[in-house]
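Here's the structure, in structure tokens; my notes come after.
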Amino acid sequence: MGWNSWNYFAGKVTDKDIRDSADQIVSSGMKDAGYIYVNIDDTWEGERDAMGVLHTNSKFPDMKALADYVHSKGLKLGIYSSPGPKTCANFEGSLGHEEQDAKMYADWGIDYLKYDLCSFIPAVMQKQEPNDKAAQIRLRVAAYDKMGKALKATGRPIVYSLCQYGWDNVWEWAPGIGGNLWRTTGDIEARWQSIYDLLSQQKGLASYAGPGHWNDPDMLEVGNGKLSLAENRTHFSMWAMLAAPLLAGNDLPNMKPEIKQILTNPEVIAINQDPLGYQARHIYSKGEVEVWARDLKAGAKAIAIVNVGSDVYSTHPFHLDLAQLGLHGVQQAKDLWTGKEMDLTNNMPIELPSHDILLLRIANPK
Ligand code: GLA
């Protein structure tokens, strides 16, 4: 759990934004809720000198001092690079400097690296193997392996985040080369359709997630763009259900109270952080309502019922089918957004506004 600069600041992020965000993570209560990583995304990079040492650009005058500051708050600092010659925003990448860069990150006190494919595709894959898709994939895996080994060799624990947009079954090979998380999709945007598309792409991936190695459906847009409160709630709930990395991406110094409430809901976060690390599975859909579930420690279960349609639900009554969830008889559940206890009965009608969610925890499923 943490925060990343890209979804709100994109290319404008500065050292001051990172410090202000770290301050806010502490003062807002987000740190106490579990948000620890403060991640600088693309556009911190300057030029390499004659020795190949990569310098920061003028937006980040002193990365070591910034790391010390973030650490002084009890938080961790993340950084970003690419296996190609350039990053996605066309700044300097790590190609040919992997060990040197990894060592520099460790010297600075970096705790997390997001490694983003981008220019590696044209500059290496397509150039070296223009007609051989399988060989291109091998080059890509080797590049991620190289940086994984370089990070390990530093001796500093650095979380390794693979960003190559979910291509070529990354979930099958990423854990083997030291990946702690890997993007399973293209870039998220702060609008419902994007969030729903990414959610849909997680179906079938549950078995690849587990402690230390996670599917990453991209960083949170909670509090960004024009998402409604229901959409923010559903987005956060479903990323929690998916055992996804919870990397907030909003403007923390100007966070509205209702957004803070969503991001710091302790019972929703507890689902995300459940020690078993089981990613939710899509159980069934009926009309425009989807039902997802995941098992939790001590035999508990979390269930998410989502109205993914644009119509208000009451026009198409939805009746919960407990048997499809492996449940029989009346279940005592807690609504994690209202805090209310409720009885779940078979076939009960559930009405949800468009894009809203009923997120339930059943302590003793029967
Ligand atoms: C890609 C990534 C984004 C972000 C940008 C930065 O698009 O998928 O998450 O890191 O690059 O340039």
Side-chain angles (χ1 to χ4, degrees), residues 1 28-30 32-34 192 195 199 220 222-223 227-244 246 255-274 276 278 280-309 311-366:
M1 292 175 68
S28 66
M30 284 176 72
D32 290 339
W192 171 258
I195 288 160
L199 170 64
L220 296 167
V222 175
L227 294 172
S228 69
L229 217 50
E231 290 167 344
N232 278 309
R233 211 169 21 233
T234 300
H235 174 26
F236 190 68
S237 303
M238 289 314 297
W239 265 233
M241 286 291 282
L242 292 169
L246 296 182
M255 174 162 53
K256 297 208 177 90
E258 60 272 25
I259 295 301
K260 181 167 97 176
Q261 229 173 27
I262 291 175
L263 286 172
T264 58
N265 182 315
E267 290 180 295
V268 179
I269 291 173
I271 304 262
N272 177 256
Q273 296 287 313
D274 185 85
L276 295 179
Y278 293 152
R281 293 170 194 266
H282 171 252
I283 307 296
Y284 76 99
S285 292
K286 190 92 210 282
E288 294 181 315
V289 176
E290 296 194 0
V291 181
W292 294 67
R294 78 180 264 191
D295 290 332
L296 304 170
K297 70 169 184 202
K301 204 187 227 341
I303 298 174
I305 305 165
V306 190
N307 176 359
V308 304
D311 294 341
V312 172
Y313 190 59
S314 49
T315 54
H316 317 269
F318 168 79
H319 294 270
L320 183 63
D321 184 350
L322 285 181
Q324 297 224 43
L325 288 156
L327 300 171
H328 304 282
V330 181
Q331 312 286 322
Q332 280 179 317
K334 183 169 185 185
D335 178 332
L336 300 187
W337 287 111
T338 64
K340 287 202 181 104
E341 301 286 343
M342 61 189 280
D343 280 348
L344 284 188
T345 55
N346 193 37
N347 227 14
M348 71 188 280
I350 293 177
E351 292 201 8
L352 288 167
S354 169
H355 304 169
D356 211 341
I357 188 164
L358 179 61
L359 183 64
L360 301 167
R361 185 178 188 281
I362 305 179
N364 298 299
K366 292 175 293 224

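Each residue takes its place number in the sequence, starting with 1.
Between Q331 and K301, every side-chain heavy-atom pair lies at or beyond the 4.5 Å cut-off. No side-chain heavy atom of V222 sits less than 4.5 Å from a side-chain heavy atom of L227. By the 4.5 Å heavy-atom criterion applied to side chains, D274 and R294 are counted as neighbours. You'll find the side chain of L263 reaches within 4.5 Å of the side chain of L220, heavy atoms only. No side-chain heavy atom of Q324 sits under 4.5 Å from any side-chain heavy atom of V291. With a 4.5 Å cut-off on side-chain heavy atoms, M348 and D343 do not count as touching.
Annotation for G339 and K334: closest pair O-CE, 3.5 Å, computed over non-hydrogen atoms. Here the closest non-hydrogen pair linking L359 and A304 is CD1-CB, 4.0 Å. Minimum interatomic distance between M30 and T264 (heavy atoms only, all atoms of both residues): CG-CG2, 3.8 Å. Scanning both residues, S354 and G309, for their nearest heavy atoms gives OG-O, 2.8 Å. Heavy-atom minimum distance, I269 versus F236: CG1-CZ, 4.0 Å. Looking at every heavy atom in both residues, A300 comes nearest to P365 through CA-CD, 4.1 Å.
One finds the NE2 atom of H355 at 7.5 Å from the OG atom of S228 (value rounded to the nearest 0.5 Å). Atoms CZ and CG, from R233 and N265 in turn, are 10.5 Å apart once rounded to the nearest 0.5 Å. Note that CD1 of I195 and CH2 of W239 are 6.0 Å apart. Values are rounded to the nearest 0.5 Å. A distance of 9.0 Å separates CZ of R281 from CG of D295, quoted to the nearest 0.5 Å. To the nearest 0.5 Å, the span separating CG on L325 from CH2 on W292 amounts to 13.5 Å. The line from CG of L360 to NZ of K340 is 13.0 Å long, rounded to the nearest 0.5 Å.
No donor-acceptor pair under 3.5 Å is formed between the side chain of T345 and the backbone N or O of V330. When atom types are taken as modelled, the side chain of N346 and the backbone of L322 share a donor-acceptor pair closer than 3.5 angstrom. Panel note: side chain N232, backbone I259; no donor-acceptor pair is recorded below 3.5 Å. Of the possible donor and acceptor atoms, none in the side chain of D356 sits under 3.5 Å from a partner among the backbone N and O of T234.
For K366, the NZ atom counts as densely surrounded, since its 6.0 Å shell holds more than 12 non-hydrogen atoms of other residues, nucleotides or ligands. Heavy atoms from other residues, nucleotides or ligands lying under 6.0 Å from CD of Q332 number 12 at most.
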_If you apply the rule side chain to side chain contact (heavy atoms under 4.5 Å, CB included), what do you find for D335 with L358, and how did you get there?_
CA-CA 7 Å; D335 178 332; L358 179 61; 3.3 Å; yes
_Between I303 and I283, does the side chain to side chain contact (heavy atoms under 4.5 Å, CB included) criterion hold? Intermediate values first, please._
CA-CA 10 Å; I303 298 174; I283 307 296; over 6 Å; no
